[in-house]
Amino acid sequence: MTGFKSDFLRTLSERGFIHQMSDETGLDDLLRTETVTAYIGYDPTASSLHVGHLMQIMMLHWFQATGHRPISLMGGGTGMVGDPSFKEEARKLMTVEMIEDNIASIKRSFANYIDYDKGPLGGGLMINNAEWLRPLNYLEFLRDVGRHFSVNRMLSFDSVKTRLDREQSLSFLEFNYMILQAYDFVELARRYDCRLQMGGSDQWGNIINGIDLGHRMDTPQLYALTSPLLTTASGAKMGKTASGAVWLDADLLSVYDFWQYWRNTEDADVERFLKLFTTLPLDEVARLSALGGSEINEAKKVLATEVTAILHGRKAAEDAAETARRAFEEGALAQGLPTVNVPAGELEAGLGLLAAFVTAGLCASNGEARRQVKGGGLRVNDVVVQDEKRVLGTADLVEDGVIKLSLGKKKHVLLKTA
RNA sequence: GGAGGAGUGCCCGAGUGGUUAAAGGGGACGGACUGUAAAUCCGUUGGCUUUGCCUACGUUGGUUCGAAUCCAACCUCCUCCA
């Protein structure tokens with residue numbers, strides 16, 4: 001099915017990672033004959049990456065697994081500018097400390113996918129583009145790099161064209177963003193002999209800019225590879241839920257919730273996700289994807305456990321699976337559900353039901369909790385709540401000393417006294 | 001610098017003095033049906049100490065018994081001209 005000779009491209013192609021490439025044969029030959037270095041850039045705007053980044057992370061993972069050296073490039077320099085594409089939001093300028101903290105915390109997640117200590121060429125690298133971007137001198141930069149960019153050509157890029165067609169403002173800052181990213185590629189080529197940049201399909205134009213700049217600044221031939229924009233079968237963006245992004249960091253999203261996210265995959269997405277987000281062999285993927293009807297639930301459990309195992313470890317993933325099995329299939333009170341502590345005194349004094357659900361993080365406000373009661377969406381210890389004025393007390397504690405609060409059928413929190 | 005246009009709830013978008021917490025749609029959440037899926041149907045969708053009160057239609061003032069709606073200034077964005 002694929003004509004690629006290199007392990008890396010064959011794997012990516014078989015598993016559905018490839019959207020667009022520059023010079024397929026050239027890159028294929030390079031990967032087959034040399035140990036190559038490639039990078040993907042990430043902006044450290046939060047202390048954790050989320051599921052939307054996962055496909056790119058998996059590409060780096062496969063890159064290393066097939067005998068090459070991946071670089072995860074943190075946008076410590078570009079992060080100082082702030083991403084202009086969300087211009088509605090009050091753009092907090094991030095301090096250097098925040099950026100460094102975020103990078104450190106992101107690295108913990110990355111370390112589950114990429115080995116930074118061992119591997120071809122001494123293992124993967126995590127590099128911060130602040131290294132070379134922060135010391136830049138504006139005039140020198142314009143003369144050395146800026147002169148290679150033609151505004152005419154930049155205006156012809158799709159990413160820009162749609163903006164102009166929609167009559168939305170395109171700030172000068174955004175032009176600089178493209179240029180900085182192009183410059184990153186050249187710097188990485190010079191410093192680390194990095195030859196390939198990967199990214200989402202929206203990054204194509206930026207990556208191509210880097211390749212062009214490389215030509216003009218005499219780097220070796222550079223290459224681009226982009227992945228398709230990932231949406232669920234019903235068209236939603238990946239990684240968004242009611243409670244926000246599906247974070248990779250266990251501090252921001254419990255292992256159990258992460259597992260649940262994958263467990264709730266739509267039928268039509270199962271095969272695709274197994275290929276993209278697990279390392280299961282393709283014949284196993286084919287077997288699981290062939291399951292029909294309700295049997296496909298088995299495939300979803302495997303998907304959830306495998307994806308979770310890579311990130312949080314096999315043991316934690318299996319615990320999450322077991323917690324889910326008990327909670328859903330036996331209706332039992334399962335340990336391992338997310339737990340929220342309340343002071344013992346508060347419960348003895350009587351804790352208002354609405355407040356309890358807000359404290360547990362299941363409802364955003366008392367008003368929302370009230371509405372959910374009307375809609376029959378709240379349960380205490382698996383009993384549907386009828387009365388919004390109900391007060392929880394120590395009598396509601398079940399054998400393990402917890403109260404189980406549920407919103408809908410899937411979201412459960414254990415309330416524990418502390 | 002000049003002329004015109006626009007800023008509404010999570011998003012899009014109606015509304016041009018009085019049952020307007022603001023039509024409609026999307027999204028989201030809950031319920032029903034299922035398989036912890038999709039599709040479909042129903043409900044909900046500012047906050048609170050909820051027969052009531054408070055906060056909301058770019059910002060700040062003003063007119064009025066009463067304003068998202070009228071007036072003024074300011075801010076932001078867009079279009080055309082220079």
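Keep in mind that this is a model prediction, so the values were computed, not measured. Sequence lines set the chain letters: A, B, ... in the order given, protein chains first and strands last, and positions in each chain run from 1.
Taking atom C1' on both B/G7 and B/U60, the two are 16 Å apart, rounded to the nearest angstrom. Atom name C1', nucleotides B/G43 and B/C48: the rounded distance is 23 Å, in whole Å. Nucleotides B/C65 and B/G15 place their C1' atoms 23 Å apart, quoted to the nearest Å. The C1' atoms of B/U51 and B/C42 are separated by 27 Å, rounded to the nearest whole Å. Only the C1' atoms considered, B/U20 is 11 Å distant from B/A67, to the nearest whole Å. B/A23 and B/U16 have their P atoms separated by 14 Å, with the value rounded to a whole Å. When the C1' atom is compared between B/G13 and B/C57, the two are found 13 Å apart, to the nearest whole Å. A distance of about 47 Å separates the P atoms of B/C29 and B/C81, rounded to the whole Å.
Following rounding to the nearest Å, A/His412 (NE2) and B/C29 (C1') show an atom-to-atom distance of 15 Å. For A/Gln386 and B/G31, the CD to P distance is 14 Å, given to the nearest whole Å. Summarising the geometry, the separation between NZ on A/Lys389 and P on B/U50 is reported as 7 Å, rounded to the nearest angstrom. Between the P atom of B/U36 and the CZ atom of A/Phe328 lies a distance of 8 Å, rounded to the nearest Å. For the pair A/Lys409 NZ and B/U34 P, the interatomic distance rounds to 11 Å; values are reported in whole Å. To the nearest angstrom, P of B/U36 lies 16 Å from CG of A/Leu303. Atom CD in A/Glu295 sits roughly 19 Å away from atom P in B/A38 (whole-Å rounding). A/Lys410 places its NZ atom 13 Å from the C1' atom of B/G31, with the value rounded to the nearest Å.
For A/Tyr116, the ring pair (Phe, Tyr, Trp, His ring centres under 6.0 Å) test picks out no residue, with sequence neighbours left out. Remark: A/Tyr42 pairs with A/His53, A/Phe110 by the ring pair (Phe, Tyr, Trp, His ring centres under 6.0 Å) rule, at least two apart or across chains. Among residues two or more places apart in sequence or in another chain, the side chain to side chain contact (heavy atoms under 4.5 Å, CB included) test is passed with A/Asn209 by A/Phe149, A/Phe157, A/Met178, A/Ala182. Residues that satisfy the side-chain hydrogen bond (donor to acceptor under 3.5 Å, both in side chains) test with A/Gln372, not counting sequence neighbours, are absent from this structure. Judged as a side-chain hydrogen bond (donor to acceptor under 3.5 Å, both in side chains), and not counting sequence neighbours, the contacts of A/Asp319 are A/Lys315.
Residue-level contact check: A/Ile296 touches the bases, meaning some heavy atom is under 4.0 Å from a base atom. As judged by a 4.0 angstrom heavy-atom cut-off over every strand, A/Lys300 is placed among the base-contacting residues.
Side-chain atoms of A/Trp132 and A/Asp184 form a donor-acceptor pair, as typed in the model, at a separation below 3.5 Å. Between the side chains of A/Gln203 and A/Gln181, at least one donor N or O lies within less than 3.5 Å of an accepting N or O. For the residue pair A/Ser294 / A/Asn297, no side-chain donor-acceptor distance below 3.5 Å is found, with atom types taken as modelled.
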Would you tabulate the side-chain donor-acceptor contacts of residues 336-349 of chain A under 3.5 Å, counting partners in other chains and residues two or more places apart, or write 'none'?
from: A/Thr339; atom 1: OG1; to: A/Leu337; atom 2: O; distance (Å): 3.1

Practice task
If a protein heavy atom is under 4.0 Å from the base, mark B; if only from the sugar-phosphate, S; if neither, -; do that for nucleotides 40-49 of chain B going 5' to 3'.
Solution key: ----SS-SSS
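Among residue pairs with one or both ends in residues 290-320 of chain A, those qualifying as ring pair (Phe, Tyr, Trp, His ring centres under 6.0 Å) are A/Phe258-A/His312; sequence neighbours excluded.
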Practice task
Starting at the 5' end of RNA chain B, write a dot or bracket for each base, bracketing those in Watson-Crick or G-U wobble pairs whose two distances are under 3.5 Å and using | for partners on another strand.
Solution key: ((((((((.[[[..)..(.....]]]((((((.......))))))(((...)))...[[[[[..)....]]]]]))))))).
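When the nearest nucleotides of RNA chain B are assigned to A/Gly376 and A/Gln260 by heavy-atom distance, the more 5′-ward of the two goes with A/Gly376. Both A/Arg263 and A/Gly408 sit near RNA chain B, but only A/Gly408 has its closest nucleotide nearer the 5' end.
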